[in-house]
Every structure is written in C-alpha cells, then in structure tokens.
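In what follows, a structure is listed as structure tokens, so that the remarks can point back to it.
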Amino acid sequence: MPELPEVETVVRGLQETIVGETLIDLEIPWEKAFSPDDAYDSLMGKTITTVSRRAKFIIIEFEKGALVVHLRMTGKLTPVYPEKHVTVILHFQSGNALYFQDMRKFGRMVYTDDPQNLLSHLGPEPLSAEFTPTLFWTMLKGRKQKLKPLLLDQTFLAGLGNIYVDEALFQAGIHPESKAGSIPWKNIQSLHGAIQSILSRSIEAQGTTILNFSHGDNLSGTFQTALQVYGRKDEPCIVCETAIKKIKLAQRGTHFCPGCQRMYL
DNA sequence: CGGCCATCCTGCACGC
DNA sequence: TGCGTGCAGGATGGCC
C-alpha cells in the first residue's frame, strides 16, 4: 500500500512523464472514484503545469484547477494500460494516457479550483523544516489520547500510515498506547528523529519499496528488510528477543515489542 | 473530548 | 477440492 514515500516516488515519476500533457478526454469506468461529475468541461483542453505532493495526496495542477488524487490502499497511477480494476482514465493529446488502477476501489480523484483549500485541514508535513522537535512537543502538549491514534490523525500530522507509525514507535522505544501528552522531551526528540529517518530512508529506497502486506502479497524490495515490528507477530524482537505483540488499536493492527517499548501514562 | 464503530472493496488465508 | 467466513486498511462521519 502506498505510504508517503511511495506517493513521493509516484509524484517524482509523474513530474517526468505528464507535465505538459494536454487533456482531451476523461473516462470514468468506476464513477465513485471521481468527483464532481460535472468537471469534464473545466478540464478539457487544459494542460498539466505541475505535479506535487501534500501528505499522501497527489496534486496534478492544470493551467486552471487541479486533480487531487488519493491512492488509499491499492491505487496506482500508470501510463501502461492495466487489464483490471481501472477506475479513471485521462487521455492526452499526445496519444498517451494515465490510468488510475485500484483493486479495492478506495482511491479517489477530485477536481478542484482550489487544492490548497481542499487540503487545508491537514497537519504539518513530517519531513518539512517546519516540523521541528520543538513544534512536535507543542503539538503533543496536553493531549490526552493514545499516541498511535493521534499520529495516524492526518489533521495532527499529515502523511504517516499504519506501518510507519509502528516502526517509528518501536525505533523510539515508546508504547503505542502511551498517553500523548505524557511523553518526556527526550523521547519526543527520539520519536521525531525516528519518524524523519524512517520516511527519508524509505524515500531513498523508493524504486524497490513495496509495502503491500495484504496476506499473500510478496514483499519485494529493500525497505521490507528494515521493518522491525510490522508483520512480525510472535517473532522475537531484534533487540531483546521478546515476542512481538499484536493488538488492535484505533481499529488498526498494531505491532510492538513489550520489552523495548515503554508505556508513558 | 476521547474512544469506539461502520463504511467502502477485493483478494487471500484459514478452517471444515 | 471447495466453500464460507473473516481479515486487512485510509479516511470520514456518526454515535455515545
């Protein structure tokens, strides 16, 4: 499933392939994937000027207006025609096309005149200069909820997904059920560092990073080898050999080491 | 406010 | 072998 680093990789690819393309047709085989349904006239004949990312959203900007895309679990944007699960197709004047393929059909593409406003509810970017340990401390201060659900809240911090939250909390030695406002300054610094290093290492590993854990899907690539708790239920912790525990937290599978990750209450 | 839950989807694992 | 059941998850919205 695409997390922030995968989305960043997709965006970098699109910057090379679709900027300058002019839209001449729009096909929507799966209607729920696209909104609003009267966007056709606004988009036709428009040329793509930039492609960027905000959290896990892809922003495809035209001369006027933008398509904002969220891949959710299984979405892909590809210039190569996929046989199955195509939800939206952009046809360009050049003869090229961009296919939105999405097996589970959770992904969405929205046309908007004002992408900034559409995404204004999002919290800070975890890799931005703005997101400092001091800011993180301010954000956590006084918060009473459990740490992991808060870290997954995109209005709190934008871009972290389930897998990387588990990994960051392990790396920082903090129990996912800790009370957010009770984390000591030193450990906030550790967590901040863990979040940034995991995300940036994963971006570096991009070409080969495939984090699709849904059951039988094979993990290929390099970053999987860096996963220390996610998907390792009952296996020994790589640090202390305690069996990795899996619980349900905020409706999400949550992996942690009871030996290494301390609970702050 | 915090913590639940359902919803959307499909493919795969598992048990019988 | 084959079938039914349950699980996985990002984000939103509703409920208590």
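Labels below follow one simple rule: chain letters A, B, ... track the order of the sequence lines, proteins then strands, and each chain is numbered from 1. Side-chain atoms are counted along with the backbone in the values below, which use heavy atoms only and exclude waters and symmetry mates.
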Subject >> d(CG, A:Leu118; P, C:dA11) in whole Å >> reply: 13 Å
**OP:** Check the distance between C:dT12's P and A:Met73's CE and give it to me in whole angstrom.
**Re:** 14 Å
Subject >> Ring geometry between A:Phe136 and A:Phe156 (parallel below 30°, tilted from 30 to 60°, perpendicular above 60°) >> reply: tilted
Original post:
Nearest of B:dC5, B:dC9, B:dG11 to any side-chain atom of A:His85?
Top reply: B:dG11
Original post:
Does the side chain of A:Tyr111 pick up a donor-acceptor pair with the side chain of A:Asp37 at under 3.5 Å?
Top reply: no
Original post:
What nucleotide, of C:dA11, B:dG3, C:dG10, holds the atom closest to the side chain of A:Gln154?
Top reply: C:dA11
Subject >> Protein-nucleotide distance (A:Lys32, atom NZ; C:dA11, atom C1'), rounded to Å >> reply: 15 Å
**OP:** Any chance you could lay out the salt bridge (Lys or Arg N to Asp or Glu O under 4.0 Å) test for A:Lys246 and A:Asp234, step after step, and finish with the verdict?
**Re:** CA-CA 8 Å; A:Lys246 182 179 180 185; A:Asp234 295 333; over 6 Å; no
Original post:
For the ring pair A:Phe106 and A:His70, is the centre-to-centre distance below 6.0 Å?
Top reply: no
Original post:
Separation of A:Ile58 atom CD1 from C:dG10 atom P, in whole Å?
Top reply: 15 Å
**OP:** Specify the separation, in whole Å, of atom CZ of A:Arg108 and atom P of B:dC8.
**Re:** 11 Å
**OP:** On DNA chain B, check which nucleotide each of A:Lys146 and A:Arg252 is closest to and give me the residue with the more 5' one.
**Re:** A:Lys146
**OP:** Using a 4.0 Å heavy-atom cut-off across all strands, classify A:Lys248 as base, sugar-phosphate, or nothing.
**Re:** sugar-phosphate
**OP:** Can you check whether any acceptor in the base of C:dG9 is under 3.5 Å from a donor in the side chain of A:Arg72, or vice versa?
**Re:** no
Original post:
Under 5.5 Å between ring centres and under 30° between planes: true for A:Phe106 and the base of B:dC8?
Top reply: yes
**OP:** Check the distance between B:dT10's C1' and A:Asp102's CG and give it to me in whole angstrom.
**Re:** 10 Å
Original post:
OP1, OP2 of C:dA11 versus side-chain N and O of A:His70: anything below 4.0 Å?
Top reply: yes
**OP:** Report the relative orientation of the aromatic rings in A:Phe57 and A:His121; use parallel for angles under 30°, tilted for 30 to 60°, perpendicular for over 60°.
**Re:** perpendicular
Original post:
Can you tell me how far C1' of B:dA13 sits from NZ of A:Lys233, to the nearest Å?
Top reply: 13 Å
Original post:
Within this structure, what is the CG-to-P distance between A:Leu71 and C:dG9, rounded to whole angstrom?
Top reply: 18 Å
Subject >> Position toward the 5' end of DNA chain B (nearest nucleotide), A:Lys105 or A:Leu249 >> reply: A:Leu249
**OP:** Look at the side chain of A:Tyr230 and decide which nucleotide, out of B:dG2, C:dG10, C:dA8, has an atom nearest to it.
**Re:** C:dA8
Original post:
Taking OP1 and OP2 of C:dT12, is either one under 4.0 Å from a side-chain nitrogen or oxygen of A:His121?
Top reply: yes
